[in-house]
Amino acid sequence: MAVDDGVTAKPECGHRQPGARRALLTLTAVNLLNFADRYVASSVKELVKRDLNLTDAETALPMTGMVVVYMIFATIFGVIADKGVLDRTKIVAAGVVLWSIATALAGLSRNVWQLVVFRSLVGVGE
């Protein structure tokens, strides 16, 4: 039986919150796509290098931008979520939308700087 401490209502032991299974499956699918997106760049590096006339150093810039921006914004959004400034579900939903748009835009990049900007925005969405 749940104990009411007056602060938070806790579900009884062994009972899931409504929608918990759907949330788990959705987040698992998003995570799978996220990791596929993160590693696909390595497998198509030579194609991108040729299409955009990039040097080896320039091919590293999009991933570097994404990782640096990800580190910064993961901390920022973590604090925002922990402090309760915004609802976690809204942060996750906005992140998935931004990640999706930025990933699509990265595929449309015409030069290295567009690719860096859009891949950096992927880091915000992650």
Side-chain angles (χ1 to χ4, degrees):
M1 182 162 209
V3 177
D4 185 13
D5 61 4
V7 179
T8 55
K10 297 180 183 176
E12 292 186 32
C13 219
H15 295 282
R16 290 189 181 96
Q17 294 179 342
R21 185 178 308 256
R22 186 178 68 203
L24 176 63
L25 291 174
T26 301
L27 291 173
T28 300
V30 168
N31 197 37
L32 176 69
L33 291 172
N34 181 26
F35 274 91
D37 174 67
R38 192 177 293 177
Y39 292 107
V40 77
S42 297
S43 63
V44 297
K45 177 181 176 179
E46 291 303 317
L47 295 172
V48 172
K49 182 179 173 182
R50 186 183 67 225
D51 286 350
L52 298 179
N53 290 328
L54 304 179
T55 65
D56 282 333
E58 288 173 328
T59 61
L61 293 175
M63 181 61 85
T64 302
M66 192 278 297
V67 170
V68 169
V69 169
Y70 172 73
M71 289 188 311
I72 293 166
F73 278 89
T75 304
I76 292 169
F77 288 128
V79 170
I80 288 171
D82 286 347
K83 300 277 185 193
V85 176
L86 289 173
D87 182 42
R88 291 174 192 267
T89 56
K90 290 180 181 166
I91 294 171
V92 171
V96 169
V97 169
L98 178 60
W99 173 82
S100 300
I101 292 169
T103 298
L105 289 172
L108 299 173
S109 298
R110 299 279 184 216
N111 60 54
V112 68
W113 299 113
Q114 287 178 355
L115 192 56
V116 169
V117 167
F118 296 139
R119 291 301 294 174
S120 294
L121 286 174
V122 167
V124 176
E126 279 194 27

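Values in this document were obtained by computation on a predicted structure and should not be read as measured data.
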Tell me whether [X] shares a hydrophobic cluster with [Y], the cluster being built from Ile, Leu, Val, Met, Phe, Trp, Tyr side chains joined at under 4.5 Å.
{"X": "Leu27", "Y": "Leu33", "value": "no"}
{"X": "Ile80", "Y": "Val124", "value": "yes"}
{"X": "Val97", "Y": "Val92", "value": "no"}
{"X": "Met66", "Y": "Leu61", "value": "no"}
{"X": "Ile76", "Y": "Leu98", "value": "yes"}

Item to complete: State whether Arg88 and Asp82 are salt-bridged, where the test is any N-O pair (Lys NZ or Arg NE/NH1/NH2 against Asp/Glu carboxylate O) under 4.0 Å.
Response: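 The answer is yes: the pair qualifies as a salt bridge.
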Would you say the side chain of [Y] lies within less than 4.5 Å of the side chain of [X], judging by non-hydrogen atoms?
{"X": "Thr26", "Y": "Val96", "value": "no"}
{"X": "Leu115", "Y": "Val48", "value": "yes"}
{"X": "Leu86", "Y": "Phe77", "value": "no"}

Nearest-0.5 Å distance that lies between atom [atom1] in [X] and atom [atom2] in [Y]:
{"X": "Leu105", "Y": "Leu121", "atom1": "CG", "atom2": "CG", "answer": "8.0 Å"}
{"X": "Leu47", "Y": "Leu52", "atom1": "CG", "atom2": "CG", "answer": "10.5 Å"}
{"X": "Lys49", "Y": "Thr55", "atom1": "NZ", "atom2": "OG1", "answer": "7.5 Å"}
{"X": "Ile72", "Y": "Ser120", "atom1": "CD1", "atom2": "OG", "answer": "9.5 Å"}

Item to complete: Take Val122 and Arg119 through the test side-chain contact (heavy atoms from CB on, under 4.5 Å) and record every step on the way to the result.
Response: CA-CA 5 Å; Val122 167; Arg119 291 301 294 174; 4.0 Å; yes
Worksheet item: Step by step, would you call Glu46 with Thr59 a side-chain contact (heavy atoms from CB on, under 4.5 Å)?
Response: CA-CA 9 Å; Glu46 291 303 317; Thr59 61; over 6 Å; no
Taking all non-hydrogen atoms of both residues into account, name the closest pair between [X] and [Y] and its distance.
{"X": "Glu58", "Y": "Asn53", "value": "OE1-O, 4.0 Å"}
{"X": "Pro62", "Y": "Val116", "value": "N-CG2, 3.9 Å"}
{"X": "Phe118", "Y": "Ala102", "value": "O-CB, 3.6 Å"}

